[in-house]
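Working notes, beginning with the structure itself.
Chain letters run A, B, ... following the sequence lines, proteins first and then strands; every chain starts at 1. Note that this is a predicted model, so its numbers are computed, not measured. Heavy-atom basis, side chains included; hydrogens, waters and symmetry copies ignored.
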Number of protein chains: 2
Amino acid sequence: MSANTSGGRTRLSPEQRRDQLLGMGVELFSNGSIEEISIDRLAEVAGVSRGLLYHYFGSKQGFYEAVVRHAADDLVAQTAPVDDPDLLVRLHRSVAAYVDYVVANEQGYRSLVRAAAGGNETLRQIYDEARFALTDRIFREDAAGDLIPDTPATRLVVRAWSSFAEEAVLSWCEQPRGIDRAGIVRIVADALPALVAAAG
Amino acid sequence: MSANTSGGRTRLSPEQRRDQLLGMGVELFSNGSIEEISIDRLAEVAGVSRGLLYHYFGSKQGFYEAVVRHAADDLVAQTAPVDDPDLLVRLHRSVAAYVDYVVANEQGYRSLVRAAAGGNETLRQIYDEARFALTDRIFREDAAGDLIPDTPATRLVVRAWSSFAEEAVLSWCEQPRGIDRAGIVRIVADALPALVAAAG
DNA sequence: TGGCGCTATTGAACAAACGTCAATAGAGTC
DNA sequence: GACTCTATTGACGTTTGTTCAATAGCGCCA
């Protein structure tokens, strides 16, 4: 498990070291734990001293935030933006990409959500921005705005729909209830126009 | 702040003491803090010794869980079930009661949500059950089931709608965006039939 | 090639907080 | 007023987050 079995210290460039430590953090994320793991253990797993983690991230909280930021960026990057003129197609494909990401990365995604929802202001903001990025890029090119008009009410609905999607997909992962991939994608994607129409 | 300014100890019945400590916990909940507060401080605020908290709740986690359970029960109790033959009326009134509870108890409710979402399995389960109680009592009496049929898909949708409602109301509390109480109640209540129809 | 300097890295030391347990002292009873 | 039962305490051991002066790897220059 340890990255440095030989007794001597290994000197890396700050960027390399930072990446390594962050990588370990994300890995632990997908193994479920991380917040209940002590700094000592983190250092042990990484094969470095406690002090080094503090040197790079300032505090345990700082390390945790950096890892969450990394995971959130990964989510946004992996669910690549689709480029289609039809808004509904973009919506459908984005939801499909999101579902696939969650399926392929369930543990890590659960950890991310938990960290964001239960953490401090900074952690929540990180996840909030990721969420906004995820939805915003679906509508950004919707010049017409006739299907999804840009009003305060729809902004609220879109935001709350994100929570709907998150809960629906995670719940489905845990207990598919006979619904297949296409089914959950359809439920989540179709929900948005329905919600906007109902709120209008 | 302290409940016991005189030096001597005060002996209460276990039930009284338990209630007092739980009451303090819920109070701290509505002040925002509690998880980042130490057991020493908790004991100081309550005017008792550290050991007493361990005697009653076993661990800090145990105390935290008891407080969350108390807050969740309060939520379910305060948003009293409405007794109306019309399902849609029950839905609307339930949502209204929920909105009013969140408004009147915003800090505490936010703490509850954060604790549940970010906490361990036990904490999540506590909140999960409360959520289920909140929605289940709206539909329990719906014998006909023609408006909201009882299928795996609708169960999933109802569950996810809870998240939608939570996010919508909390977001609205923070930033009303010109929407009034009736408006947010309508958006959240109307969302459910719309979602069920879209998923059907 | 060998010494030198910069800085990445370490580990001992400190403080704060969790959890345990044998001793203590209220409150009701006879 | 003594006695018993048990609610309550506070000192102690352990774990964990954090700091900082000392150490040593790696590139550079002679």
>> Tell me the interatomic distance from B:Gln61, atom CD, to C:dG19, atom P, rounded to whole angstroms.
In response: 9 Å

> Taking CD from A:Gln16 and C1' from C:dT9, how many angstroms apart are they, rounded to a whole number?
Replying inline: 15 Å

>> Quick check on the 6.0 Å ring-centre criterion: do B:Phe164 and A:Phe164 meet it?
In response: no

> To the nearest angstrom, how far is A:Ile37 atom CD1 from D:dG17 atom P?
Replying inline: 10 Å

> How many Å lie between CD1 on B:Ile39 and P on C:dG19, as a whole number?
Replying inline: 7 Å

>> I want to verify a distance call: between D:dT9, C:dA13, C:dT7, whose nearest atom is closest to the B:Arg9 side chain?
In response: D:dT9

> Of all the choices, C:dA27, C:dA8, D:dA11, which nucleotide is nearest to the side chain of B:Arg50 once you look at every atom?
Replying inline: D:dA11

> So what does B:Leu52 touch, heavy atoms closer than 4.0 Å: a base, only the sugar-phosphate, or nothing?
Replying inline: base

> Heavy-atom distance under 4.5 Å between the side chains of B:Asp74 and B:Val26, does that happen here?
Replying inline: no

> Reckon B:Ser13 touches a base, only the sugar-phosphate, or nothing at all at heavy-atom distances under 4.0 Å?
Replying inline: nothing

>> Starting the side chain at C-beta, find the nucleotide from D:dA24, C:dT10, D:dA7 nearest to B:Arg11.
In response: D:dA7

> CG of A:Leu12 versus P of D:dA24: gap in Å, rounded?
Replying inline: 18 Å

>> Can you tell whether the side chains of B:Arg110 and B:Glu106 come within less than 4.0 Å, N to carboxylate O?
In response: yes

>> Over all strands shown, is A:Phe63 touching base, sugar-phosphate only, or nothing at heavy-atom distances under 4.0 angstrom?
In response: nothing

> For A:Arg17, which contact category applies under a 4.0 Å heavy-atom criterion: base, sugar-phosphate, or nothing?
Replying inline: sugar-phosphate

> How close or far is atom P of D:dA7 from atom CG of B:Leu53, stated in whole angstroms?
Replying inline: 15 Å

>> Regarding B:Tyr56, tell me which of base, sugar-phosphate or nothing describes its non-hydrogen contacts under 4.0 Å with the strands shown.
In response: sugar-phosphate

>> Just the rounded figure in Å: distance from C1' of D:dT15 to CD of A:Glu36.
In response: 16 Å

> Taking CG from B:Asp40 and C1' from D:dA11, how many angstroms apart are they, rounded to a whole number?
Replying inline: 13 Å

